[in-house]
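Everything on this sheet refers to the single structure shown next.
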There are 2 protein chains.
Amino acid sequence: MGAKLIERASSIERRNGVSLWRQIADKILQGIASGDFTENAALPPEVALAERYGVNRHTVRSAIAALVQEGVLKAEQGRGTFVLSRKRLSYPIGARTRFSSGLQGQTTERHIALLSSSTEPASRRIAEALSIARGSSVIRLETRGEADGHPVSRATTWFDAKRFAGIETAMAETGSITASLMRFGINDYLRRSTVLSARHADADDLVDLELQPGAIVLVTIAINVTMDGQPIQFAESRFPAERVELKLSAGD
Amino acid sequence: MGAKLIERASSIERRNGVSLWRQIADKILQGIASGDFTENAALPPEVALAERYGVNRHTVRSAIAALVQEGVLKAEQGRGTFVLSRKRLSYPIGARTRFSSGLQGQTTERHIALLSSSTEPASRRIAEALSIARGSSVIRLETRGEADGHPVSRATTWFDAKRFAGIETAMAETGSITASLMRFGINDYLRRSTVLSARHADADDLVDLELQPGAIVLVTIAINVTMDGQPIQFAESRFPAERVELKLSAGD
DNA sequence: TATAGTTGTCTATATCAATAGACAAGTCAT
DNA sequence: ATGACTTGTCTATTGATATAGACAACTATA
């Protein structure tokens, strides 16, 4: 984020429905992600931050307390407050979006955990996306992507139950969508469409992604297709905006 | 957004730093965008909404008041509260991202307004992106994209001042980046990279995009290049998440 | 060992956010 | 006209948010 470059005077809003301490916590997170506040270095002292944002020192302390709770900062009496966390992960999105390979080089460990699965009738929306009859059976998987032990994504995906019967056990065993699809004879697939939006994290996101209330999530809705254009997977994924950014790769 | 599909019981969080009325206003906006609340139709009555979200009627009223202020809803005593606004614009992003052509069919009128321009030395970040020497002169344009009279994007873009001297007047005259670049002999260009994130709108965003405090903006950081790979433009764009979603087109 | 600079704790006060209940005012169908 | 249903307004109370000031506790360094 080019926060430093673009940041102008104001930046903090009152009586918004968003508390000042929450806004300032967001600013600090942005500052860390943008390299404005360097990793392992001390934050400016509380009084300086208070002046910078035009609020009381106690308000800054509330923001810092939230981030300490969250494990982003560490406060040491007499010394200062220090940045613990790393920059945001950059998650590539394109025609060949894959979870595991996409994060290569940025993390040492990554996998997808299957939280739950169920079979249900296809809603209109899902039937259209998968090109199947409305009301026909689909398998829904609830999954969480983890990198180095931290949750980085939370997805709900649907498959045609007829074609992919038992994919939930494959997911549980392999921890990979790509590997699971291989068991069904699909060695390669493409992303046909991705629609992107953002919203506040709801209560479920907070739990699943280990977020603090008020956090923002990026939401993608995607359809994956086989090489000959047959839709196989419909997915809605949520990413914590404070820990992940999406990098759109052009063609492949 | 598949809110209806995915929405589970909980969804509202307390003592978060985000007020309940703000969260509920967000929910209603989501509901409108997802077709959950139909356009021109009445919202459920306040008591019903209050029960649905597990809050007091007055809290719902605060949320509605904010959206009435914003022009999304219209309340009529004795009759009900009605949805005015349309669905979100779907803004395509891909190798050939163009403002005007991308919104074709969704709006009748669209253009880019030049808010201000300046010349400044290139920061490290911008010098790298444009492959020029750090500190050399760059032109910065502040622009706002408008569709049917409503702001839908707010961008800061940088060009090499040497190569694109006077581009600010071209922009002011043509209201189009594509047309302006043509004056400099660039008939076609591609998007090399796009990085995507989200955050709360800051005070400037609120003014420029005519948002209510607490709103969320999608942020893209992009580099455009000529057909032979020479970088020509570096841009940070902000989109109001409540009015715009980004649709990633695959290759072209 | 001072001293400056930092975080931590306490008290007090004012405003905002949320709940609760009651009733007024308007619309619509019967 | 009546009654059911809706939004609008008012009062009261509680807890969270934000400001203000003072001082304690701790760290580093001169």
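Every chain is numbered from 1, with letters handed out A, B, ... down the list of sequences.
- Between dG8(D), dA17(C), dT7(C), one nucleotide has an atom nearer to the side chain of E46(A) than all others, and that is dT7(C).
- Atom OG1 of T38(A) sits about 9.5 Å away from atom CG of N40(A), to the nearest 0.5 Å.
- By the 6.0 Å contact criterion, CD on E120(A) is enclosed, its count of non-hydrogen atoms from other residues, nucleotides or ligands being greater than 12.
- Regarding L20(A), its CG atom lies at a distance of 13 Å from the C1' atom of dA16(D), rounded to whole Å.
- The side chain of R61(B) lies closest to dT9(D), out of dT7(C), dT9(D), dT19(C).
- A straight line from CH2 of W21(A) to P of dC16(C) spans 19 Å, rounded to a whole angstrom.
- Separating the NZ atom of K74(A) from the P atom of dT6(C) is a distance of 18 Å, rounded to the nearest angstrom.
- Heavy-atom neighbours of E76(A) CD from other residues, nucleotides or ligands within 6.0 Å: above the threshold of 12.
- Within the 4.0 Å cut-off from OP1 or OP2 of dA18(D), not a single side-chain nitrogen or oxygen of S62(A) is found.
- For the pair T81(B) and dT7(D), the criterion of a side-chain N or O lying under 4.0 Å from OP1 or OP2 is met.
- Remark: C1' of dT7(D) and CG of L49(B) are 13 Å apart, rounded to the nearest angstrom.
- In this structure, Q69(A) atom CD and dG8(C) atom P are separated by 14 Å, rounded to whole Å.
- With rounding to the nearest 0.5 Å, the separation of CG in L248(A) from CG in L196(A) is 7.5 Å.
- Of the side-chain N and O atoms in T59(B), one or more sit less than 4.0 angstrom from OP1 or OP2 of dT19(C).
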The contact string for nucleotides 20-28 of chain C, one letter per nucleotide 5' to 3', using protein heavy atoms under 4.0 Å with B, S and - for base, sugar-phosphate only and none, comes out as BBB--BBSS
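- For Y53(A) and dA18(D), the OH to C1' distance is 17 Å, given to the nearest whole Å.
- For the pair R22(B) CZ and dT17(D) P, the computed distance is 17 Å after rounding to whole Å.
- Counted by atom type alone, S116(A) and R140(A) present zero donor-acceptor pairs between their side chains at under 3.5 Å.
- Salt bridge present: R154(B) and E142(B) bring a charged side-chain N and a carboxylate O closer than 4.0 Å.
- Scanning both residues, D208(A) and P151(A), for their nearest heavy atoms gives O-CB, 3.8 Å.
- The CD1-P distance, from I64(B) to dT9(D), rounds to 13 Å in whole Å.
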